[in-house]
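In what follows, a single structure is set out as structure tokens and then discussed.
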Amino acid sequence: MKTTLPLWMQTIILLFGLTAVVPVKTWAQAEPSERLTRLLKPGTSTVYSFNYPTVNTAGERIVLSAALIAWTPNDRQESDSIETLHIYSHATIGGDEERPTTQGFSKEQMMLQTLPRRTYGELFDDTNAEYVGRCIIIAPDYEGFGVTKDLPHPYLSQRLTAQQVLDAVNYGLDLYRKEVAEKTDENPLLPIKSDWRTFGLGYSQGGAVTLAVQRLIEEQGLAGQLHFYGSICGDGPYDLIETMRYYFDDDGTSYGAKTDHRQGICTYPVVVPLIIKGMCATHPAMASYRINDYLSQQLLDTDVLSWIDSKEYTTSEMSKMWYDQLQSGLDVQDRHYTPEQMAEMFSTPKKDKVWGHLDKMFTPEIFDYLNNADNLSVVPSEAANAPQALHRALADNSVATGWEPQHRIQFFHSRGDMVVPYGNYLAFRDAHPSGENSMYRIDDTFTDSDHMDAATVFFLELCVTGSFVPHYQWISEAVIPTGIDTKCMTAAQRLMNGGWYTLDGRKLSTRPTTKGLYIHGGRKVVIP
């Protein structure tokens with residue numbers, strides 16, 4: 001199926017002339033890479049892919065894929081070096097060809113290719129180029145895409161995805177350094193400067209993953225060895241309960257912005273099955289329940305779960321297929337839904353786009369639970385039923401609460417975002433009231449548009465205008481706290497430490513007996 005590129009992506013194509021399309025590569029039975037694989041060289045950046053070992057939600061070994069994009073100037077000077085590492089976590093995708101390692105038109109990869117290219121006198125002077133342009137970027141595909149496209153994607157399973165992203169960073173850095181050490185005339189890779197800086201970066205799902213990666217870096221005491229400075233997070237779902245409350249409660253007047261949103265509507269309805277699938281696949285509280293305990297039979301009959309599993313369709317294409325069902329009705333086995341019945345589940349703000357009515361997308365039990373604000377005010381201590389299990393899963397995958405950031409965060413969030421509402425930032429702010437404008441800050445004036453249009457502004461400002469440089473400077477100016485020195489050990493110190501730790505940094509009294517993933521001797525250890 002032919003994919004229509006978003007407006008912001010078309011803009012980048014016109015600006016930078018990225019017009020070559022190369023057939024997409026697929027893998028089977030992947031093994032960890034011993035070298036970087038070159039994919040593309042658009043101008044002064046080179047795109048590589050690599051496969052790396054990590055773990056899945058069961059603590060089992062799995063190999064995932066990632067992209068590494070490096071600044072490789074054509075007029076390389078002897079003094080040139082890599083100043084910055086960007087850890088990039090991508091936004092929600094549906095089709096596998098949208099992943100960072102694609103050799104075709106991935107919006108993430110196309111955007112990232114521009115960062116190493118915008119250097120030296122184009123937008124940044126020699127002082128500011130280090131924050132953005134002289135860089136390498138590591139951008140994982142996530143589980144369920146790339147070499148694992150046949151597996152489910154654990155959507156918004158924040159801690160799992162953060163660990164997998166962090167494993168990609170460490171493995172990718174090792175491969176990069178290995179190839180730099182094997183310097184040849186044909187090798188364009190530059191050495192990494194001894195005092196390089198690392199930043200996290202992401203929008204939407206990637207914004208939340210970026211925040212989760214920062215949390216994990218700080219919990220595992222890796223800020224020192226990664227030279228980590230902080231993060232830039234755009235319109236991310238940091239608090240899934242707050243997001244659900246907005247869908248059910250907002251009448252178009254929240255956060256001082258007038259929108260078209262109405263109570264009980266999800267303007268990006270594919271996120272509903274994506275969230276439920278992700279929680280069912282990864283959260284222990286939901287293991288006893290099936291997906292049809294949460295999603296209505298009518299929604300399941302649209303075949304949306306097969307669309308998601310196929311990785312053949314973008315989310316826009318899924319919306320178009322729902323639109324077609326709305327126009328013609330739907331027949332599944334002995335069940336028939338007229339266009340009028342489909343209109344009870346989907347409305348059409350414009351052609352080829354649908355909004356979802358939550359009372360028809362969820363089962364009555366789940367809708368009634370989520371529609372009651374009192375139910376969502378306190379997280380249940382036990383999951384006695386399907387709604388409570390979902391509540392716990394949503395709460396546990398929040399990255400707004402439960403930790404105190406130790407490195408600066410620059411948030412961007414549109415007050416007019418109807419998909420990932422502004423309340424996600426407010427949830428973070430309310431959990432960290434003393435840190436605003438010192439440890440973190442918000443730019444909520446960059447646009448008042450909805451989620452996709454806000455993404456256009458976010459990416460164009462990042463890639464084209466150079467307006468993100470002051471934000472990188474602000475992050476870099478912070479004094480790294482000294483209160484975590486006991487956790488920020490060198491690699492040698494950690495190897496001499498014989499203790500056992502959970503992934504969130506808690507030291508255990510003895511070797512654990514419960515199945516899972518732990519830190520021991522500075523390494524991740526799986527207890528089977």
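Keep in mind it's a predicted model, so treat the numbers as computed, not measured. Along the sequence shown, residues are numbered consecutively beginning with 1.
- Within the 4.5 Å cutoff, the side chain of L64 has no heavy atoms near those of the P140 side chain.
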>> Does T54 form a side chain to side chain donor-acceptor pair (under 3.5 Å) with Q164? I'd like the steps, not just the answer.
In response: CA-CA 6 Å; T54 183; Q164 293 174 343; 5.0 Å; no
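- Here the side chain of S438 pairs a donor or acceptor atom with the backbone of G435 at under 3.5 angstrom.
- For the pair K311 (side chain) and G144 (backbone), a donor-acceptor distance under 3.5 Å is present.
- Partners of K320 under the salt bridge (Lys or Arg N to Asp or Glu O under 4.0 Å) rule, at least two apart in sequence or in another chain, are D324.
- A donor-acceptor pair is defined here as one N or O able to donate and one able to accept, closer than 3.5 Å; such a pair exists between the side chain of R99 and the backbone of D96.
- Using a cut-off of 4.0 Å between Lys/Arg side-chain N and Asp/Glu carboxylate O, R159 and E219 are scored as salt-bridged.
- K258 pairs by the side chain to side chain contact (heavy atoms under 4.5 Å, CB included) definition with nothing, not counting sequence neighbours.
- Applying the salt bridge (Lys or Arg N to Asp or Glu O under 4.0 Å) test to D309 and every residue at least two apart in sequence or in another chain returns K277.
- Here T57 contributes atom OG1 and I62 contributes atom CD1; the two are 10.5 Å apart, rounded to the nearest 0.5 Å.
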> Should D443 and T445 be marked as a side chain to side chain donor-acceptor pair (under 3.5 Å) after you check the CA-CA gap, both sets of side-chain angles, and the distance that decides it?
Replying inline: CA-CA 6 Å; D443 181 350; T445 63; 3.0 Å; yes
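- Side-chain atoms of N397 come within 3.5 Å of backbone N or O of Q158 as a donor-acceptor pair.
- Once rounded to the nearest 0.5 Å, the distance linking CD of Q205 with OG1 of T161 reads 6.5 Å.
- In terms of heavy-atom proximity, C266 sits nearest to V272 at SG-CG2, 4.2 Å.
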> Passes side-chain contact (heavy atoms from CB on, under 4.5 Å), I366 versus L390? Steps please.
Replying inline: CA-CA 9 Å; I366 298 300; L390 176 59; 4.1 Å; yes
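- Here the side chain of D250 pairs no donor or acceptor atom with the backbone of R262 at under 3.5 angstrom.
- Between L40 and T46 the shortest side-chain heavy-atom distance does not fall below 4.5 Å.
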>> As a quick check of understanding, evaluate side-chain contact (heavy atoms from CB on, under 4.5 Å) for F346 and W355, giving each step before the final call.
In response: CA-CA 5 Å; F346 297 120; W355 288 3; over 6 Å; no
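- Proximity of Y52 to V63: side-chain heavy atoms (C-beta onward) are nowhere separated by under 4.5 Å.
- Residues Y369 and F362 keep their aromatic ring centres 6.0 Å or farther apart.
- A donor-acceptor pair is defined here as one N or O able to donate and one able to accept, closer than 3.5 Å; such a pair exists between the side chain of H90 and the backbone of D141.
- Using a 4.5 Å heavy-atom cutoff, the side chains of I136 and W71 are not in contact.
- The backbone N or O of V399 sits less than 3.5 Å from a side-chain atom of W403, completing a donor-acceptor pair.
- The closest side-chain heavy-atom distance from Y247 to I265 is not below 4.5 Å.
- Applying the side chain to side chain contact (heavy atoms under 4.5 Å, CB included) rule to A393 yields the partners M279, H283, M286; only residues at least two apart in sequence or on another chain are considered.
- Not counting sequence neighbours, the partners of E436 by the side chain to side chain contact (heavy atoms under 4.5 Å, CB included) test are Y425, R429, Y440, I442.
- For the side-chain hydrogen bond (donor to acceptor under 3.5 Å, both in side chains) test, residues two or more places apart in sequence or in another chain that qualify with Y422 are R415, D444.
- Across D239, D417, T243, a single residue satisfies side-chain hydrogen bond (donor to acceptor under 3.5 Å, both in side chains) together with N424, and that is T243.
- Shown here are the side-chain hydrogen bond (donor to acceptor under 3.5 Å, both in side chains) partners of T198, two or more places apart in sequence or in another chain: W196.
- T84 is not listed as a side-chain neighbour of R134, based on a closest heavy-atom distance of 4.5 Å or more.
- With sequence neighbours left out, the salt bridge (Lys or Arg N to Asp or Glu O under 4.0 Å) criterion links D251 to no other residue.
- In this structure, CD in E404 is found 9.0 Å from CE in M439, a value given to the nearest 0.5 Å.
- Sorted pairs that involve residues 448-474 and meet salt bridge (Lys or Arg N to Asp or Glu O under 4.0 Å), not counting sequence neighbours, are lacking altogether.
- Side-chain atoms of R197 and S476 include a donor-acceptor pair closer than 3.5 Å.
- Checked by atom type and distance alone, the side chain of T314 pairs as donor or acceptor with a backbone atom of E317 at under 3.5 Å.
- By the side-chain hydrogen bond (donor to acceptor under 3.5 Å, both in side chains) test, H471 pairs with Q410, R441, sequence neighbours left out.
- By the side-chain hydrogen bond (donor to acceptor under 3.5 Å, both in side chains) test, S347 pairs with H357, sequence neighbours left out.
- Here the CD-OG distance, from E242 to S398, works out to 10.0 Å after rounding to the nearest 0.5 Å.
- Ring geometry for H153 against Y142 counts as parallel: the plane angle stays under 30°, on a 0 to 90° scale with 60° as the upper cut.
- Residues satisfying the side chain to side chain contact (heavy atoms under 4.5 Å, CB included) test with T447, not counting sequence neighbours, are S414, S449, A454, V457.
- In this structure, L68 and I137 have side chains that are not in contact, with every pair of non-hydrogen atoms separated by 4.5 Å or more.
- Between the side chains of E218 and Q214, at least one donor N or O lies within less than 3.5 Å of an accepting N or O.
- Proximity of K353 to Y323: side-chain heavy atoms (C-beta onward) are nowhere separated by under 4.5 Å.
- Screening Y203, Y155, Y268 for a side-chain hydrogen bond (donor to acceptor under 3.5 Å, both in side chains) with T92, the sole residue that qualifies is Y155.
- One finds the CG atom of L39 at 9.0 Å from the CD1 atom of I69 (value rounded to the nearest 0.5 Å).
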> Taking it one step at a time, do L222 and L166 satisfy side-chain contact (heavy atoms from CB on, under 4.5 Å)?
Replying inline: CA-CA 10 Å; L222 300 177; L166 190 54; 3.5 Å; yes
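- Neither side chain, T267 nor H261, offers a donor N or O lying under 3.5 Å from an acceptor on the other.
- The ring of F428 has its center no closer than 6.0 angstrom to the ring center of Y238.
- The CG atom of L201 lies 10.0 Å from the CD1 atom of I87; values are rounded to the nearest 0.5 Å.
- Aromatic ring centres of F468 and F458 lie closer together than 6.0 Å.
- Here the side chain of T210 pairs a donor or acceptor atom with the backbone of G206 at under 3.5 angstrom.
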>> side chain to side chain donor-acceptor pair (under 3.5 Å) for Q163 and Q220? Distances and angles first, verdict last.
In response: CA-CA 10 Å; Q163 183 64 62; Q220 295 188 5; 2.9 Å; yes
